[in-house]
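Each remark here refers to the structure printed beneath this line.
Letters A, B, ... mirror the listed sequences (proteins, then strands); counts begin at 1.
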Amino acid sequence: MCRFAFRRFLALPAAAALALAACNRAEPPAQSPEQAKPAPAAQPSVEPAPPKEGQPVNADARALETMLARINDYAERHKKLEDTLPKLSKESTPEQIDRNQRALQRLIQKERHGVKPGAIFTPDVQAVIKRLLEKVFAGPDGAALRGSIMDENPLTIRLAVNERYPDSVPLSTVPPQVLQGLPKLPEEMEFRFVGRYLILMDVHAHLVVDLIENALPT
Amino acid sequence: MFTRLSAAAAALVLFVIPSGSASSRPNDAAAPQAAPATLALTLPNKADSLKFAVLGDFGTGSRQQYELAAVMKRVYDAFPYELVILVGDNLYGSERPQDFKKKFEIPYKPLIDAGVKFYASLGNHDAREQRYYQLFNMDGKLYYTFKGSKQSLRFYALESTYMDPDQIVWFEKELKNSDSAWKIPYFHHPPYSSGDRHGSDARLREVLEPLFIKYNVSVVFTGHDHFYERTKPQKDIVYFVVGSGGQLRKGNVDRGSGITAGFNDTDYVFLAAEVNGDEMWFNAVSRQAQVIDSGVITRRK
């Protein structure tokens, strides 16, 4: 396990990418961004700025930068849509909460209609995240971490991108040791596990934004 | 820091089921309950103390939840606590407006009408939007802190399903900046629990326990495991699991865990407590209006 990546809090996504790069020195290079498939339907192509001349490029770091750029783009669009709805206050009624959540869900689903898995978690990103998780769970606490995540976690459920997170499924615990190794997300989104899926969840709209199958190591 | 029973309380405890034991009477959780027994609280009920209750894993809308809620009102009438801290799983399953009514507003209406305020933390069954719900007093935040209206006391509601670095940094900053004598964190997942089903969350403990020790936390309230448990002091800190407000996992306490000081896994339970100076008194009260565990904790200094 690359302890460097998880010993300290990685407050900045760039730090996560750098840490991962440090972990991966002895490993074969990941698929380059150029080899990645084009962005799926309904997901505009959002890519980080190309590296300046002479600047070193790490394929994993670049993949994560691409993911974060797409996440930030999603968050921007989320905010724009949310701004069209009445703002929830700290004294909201259940009716207001429910109305807003479902209205936002519909707006986002409409805007992202046709989106496919991999819009944010591109093949490159999936490979990086899986390797990152493998390192976390390969450590001495791996079994215990997995136990925390799988507590009340359904094994057989099927999820779909841009669909509502099922009301009957409790949220998985994501242990602090795992979150410390994953990139920081905007407030609207969280990483959660459902079975062995890692999902990117829009917690305001209760939507599965994207997912990675078999992300949780066995 | 230690727990003990005063002479007066010990005398009153003669009327209650001994701590850590199961009731010898038939206690089928599914069966309708007989008329509750006479309430025999062992709390000092001092005028200037900060009185509060702890409730967890309650939002089912079940008959048992309603029956315990009725006992909570009976306790309130004798021991007027001003607030209830909620250790998560506030609404199970669907969270439509009618669910808020059935699983929260109706059962606790007598308390809400009496002016008791509920301060929620979120469990793994809770949607994040609950933070906007007026009656949960979360101020729109997933984790937050507030001072008691009396005594030198501050509560910290944490979000234990997603303990990200930002929350940990925030929590330490708040602990460090507080001059309250009592710093009381509460959240869903128990760092210590004798539950066969869930048990201790060692990953969470690894992160939080050093902060509890460093900043003189004396007592921590949690839920998740569907029973009541009070641990022996763990590194001088007493942990409560109060996860049987509406769910019950009968017989789930591992009697051989070695960490249990008091428990009940045969009935639905909430906790009533009061802080006065350096002491926190507590009574765990069952759906049968029985005090099934009691004592006093003196804070760490």
With a 4.0 Å cut-off on N to O distance, would you call [X] and [Y] a salt bridge?
X: B:Asp164; Y: A:Lys184; answer: no
X: A:Glu95; Y: B:Arg96; answer: no
X: B:Glu95; Y: A:Arg102; answer: no

For this session: Inspect the surroundings of NZ in B:Lys117 and state if more than 12 heavy atoms from other residues, nucleotides or ligands are less than 6.0 Å away.
Result: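 It does not: B:Lys117 NZ has 12 such atoms or fewer within range.
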What part of [X] gets closer than 4.5 Å to chain B, counting heavy atoms only: side chain, backbone, both or neither?
X: A:Ile149; value: neither
X: A:Ser148; value: side chain
X: A:Phe191; value: both
X: A:His204; value: both

Heavy-atom cut-off 4.5 Å, strictly under: side chain, backbone, both or neither for [X] against chain A?
X: B:Asp99; value: neither
X: B:Lys141; value: neither
X: B:Leu142; value: side chain
X: B:His189; value: side chain

For this session: Return the option, out of A:Arg99, A:Gln101, A:Arg192, with the maximum number of heavy-atom pairs under 4.5 Å with chain B.
Result: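 Among A:Arg99, A:Gln101, A:Arg192, the one with the most close pairs to chain B is A:Arg192.
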Problem set entry | Which of A:Asp98, A:Leu145, A:Leu88 touches chain B most, by non-hydrogen pairs under 4.5 Å |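 Of the candidates given, the most pairs with chain B belong to A:Asp98.
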So do [Y] and [X] actually touch side chain to side chain, heavy atoms under 4.5 Å?
X: B:Arg128; Y: A:Leu171; value: yes
X: B:Glu129; Y: A:Asn100; value: no
X: A:Thr93; Y: B:Pro97; value: no
X: B:Met138; Y: A:Lys90; value: no
X: B:His224; Y: A:Glu152; value: yes

For this session: Spell out, as yes or no, whether a donor-acceptor pair under 3.5 Å connects the side chain of B:Tyr132 to the backbone of A:Pro94.
Result: no
Exercise. Do B:His188 and A:Thr173 pass the side chain to side chain contact (heavy atoms under 4.5 Å, CB included) test, and can you show the C-alpha distance, the side-chain angles, and the key distance before you say yes or no?
Worked result: CA-CA 11 Å; B:His188 190 57; A:Thr173 299; over 6 Å; no
Exercise. Roughly how far, to the nearest 0.5 Å, is the CG atom of A:Asp141 from the CZ atom of B:Arg203?
Worked result: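 So the gap between those two atoms works out to 4.5 Å.
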